[in-house]
Amino acid sequence: MIAKEARTEVLPEVLPVTKNKTWSKVWSFRHIYLFMLPAFIWYLVFCYYPMYGVLIAFKDFKYNLGILGSPWEGFRYFEQFLSDSSFYSVLYNTLSISFLKLLFGFPAPLILALMLNGVMHGKLKRIFQTISYLPHFVSWVVVVTLMQKILSPNVGLVNDIRDHMGMEPIFFMGMPSLFYPLVIISDIWKGVGWGSIIYLAALTNIDPHLYEAAEMDGAGRWSKLFKITLPCLTPTIGILLIFSLSGVLNAGFDQIWLMQTPATLSVSEILDTYVLKTGIQQGQFAYSTAIGLFKSAISLLLIVLVNKVSKKVSDVSLW
């Protein structure tokens, strides 16, 4: 009898979420939405409203006619950039600097985090962490000025040492062959400590029982590193690698612009500096906007492709 009643029990009808119920839920969490409102307005004003200016890339921009009143030009500026004689050199320099930064700069924070994680003395560990974080807060203006003072051919410390050793002084900042090494070294020095924070946070989430079990099985330091630590950090490494690859066309405007000299222009002209020169110095706003939009479109395409490949290979993705 009981079984029969159970079979005949009528389940409550699942009603679809109506518009009124959605708004009632929003109203019930109104205080949280109120906290989000300033951030939403900030993004709307400073991130989305300026995108209206992208229209300049497709128009023959005239000051007196404005953006909407200027005549349409279609993809003329994109074709002009692709057929420009400096296109390949600018793209080559951008990709070279970005991939070298990725090759040497991406594993550096991970290595530093593993080294700091291995320091057992708590106070000493905090001192090392603080020292490694400090360069992140120093602006590129100060960093490049220090490099110019240290590497100066007249009064620089390095050339003074070379002079005492009987060697000829070298103009380090003006040699094209030394431009990439100086860019990579200064970039790693400035960002390695700050980049290690995420890895240190991920290391604290690894279950210590895994290490205890591995020690009981006789595992050594390297065995625990390759069989426990690195596999547990794989999702974090994958996400950060996706972000790094998506920004491969951003070679670092501030750093390159400040380190650039007429002697190194052949290896230091990148997309960002080229956009500034054509747009601000030469007044070709439509042309420079087209170059900037071209770079953004390629970056968006890269992040979609890398995310798709990462999801297929390692099951790590942004969406």
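All values below were derived from every heavy atom in this structure, side-chain atoms included, with hydrogens, water molecules and symmetry-related copies excluded. We number each residue from 1, following the sequence as shown.
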Donor-acceptor pairs under 3.5 angstrom involving side-chain atoms of residues 170-181: please list them, not counting sequence neighbours.
from, atom 1, to, atom 2, distance (Å)
Tyr180, OH, Asn93, OD1, 3.3
Tyr180, OH, Val267, O, 3.1

Once rounded to the nearest 0.5 Å, what's the spacing between atom CG of Leu182 and atom CG of Asp187?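 Between Leu182 CG and Asp187 CG, I get 12.0 Å after rounding to 0.5 Å.
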Inter-residue atom distance Asn154.CG - Asp160.CG, 0.5 Å rounding: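 It is 9.5 Å, given to the nearest 0.5 Å.
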Counting only heavy atoms from other residues, nucleotides and ligands, does the tally under 6.0 Å from CH2 of Trp222 exceed 12?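 Result for CH2/Trp222: open.
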Does atom NZ of Lys149 have more than 12 heavy-atom neighbours from other groups under 6.0 Å away?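 No, not enclosed.
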Measuring only between side-chain heavy atoms, which start at C-beta, is [X] closer than 4.5 Å to [Y]?
X      : Y      : value
Tyr92  : Tyr88  : no
Ser70  : Asp60  : no
Tyr199 : Leu240 : yes

For Leu151, run the side-chain contact (heavy atoms from CB on, under 4.5 Å) check against Val158, Leu157, Asn159 and tell me which one passes.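 Result: among Val158, Leu157, Asn159, Val158 is the only option passing the side-chain contact (heavy atoms from CB on, under 4.5 Å) with Leu151.
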Would you call the rings of Phe78 and Phe75 parallel, tilted or perpendicular if under 30° counts as parallel and over 60° as perpendicular?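 Plane angle between 30° and 60°, so tilted.
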Over 60° means perpendicular and under 30° means parallel, so tell me whether Tyr133 and Trp194 are parallel, tilted or perpendicular.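 Plane angle over 60°, so perpendicular.
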Pair Tyr48, Tyr43 - check ring pair (Phe, Tyr, Trp, His ring centres under 6.0 Å), show working. CA-CA 6 Å; Tyr48 286 93; Tyr43 271 98; 7.1 Å; no
Closest heavy-atom pair and its distance - Ser186, Trp140: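 Smallest heavy-atom distance, with atoms named: O-CH2, 3.8 Å.
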How close do Leu91 and Leu271 get, heavy atom to heavy atom, and via which atoms?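 Looks like CD1-CD1, 4.4 Å.
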Quick check against the 3.5 Å criterion: does Lys224 have a side-chain atom that pairs as donor or acceptor with the backbone of Glu215?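 No: the side chain of Lys224 does not pair with the backbone of Glu215.
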Under 3.5 Å, side chain of Thr264 to main-chain N/O of Thr261, donor-acceptor pair present?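 Yes; judged by distance alone, with no hydrogens or angles, the pair exists.
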Can Phe106 and Phe104 be said to form a ring pair (Phe, Tyr, Trp, His ring centres under 6.0 Å), step by step? CA-CA 6 Å; Phe106 181 77; Phe104 295 101; over 10 Å; no
Under the side-chain hydrogen bond (donor to acceptor under 3.5 Å, both in side chains) test, which residues partner Ser244, sequence neighbours left out?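 Checked Ser244 against side-chain hydrogen bond (donor to acceptor under 3.5 Å, both in side chains); zero matches.
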ILVMFWY network linking Leu134 to Leu146, side-chain heavy atoms under 4.5 angstrom: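 Not linked; separate clusters.
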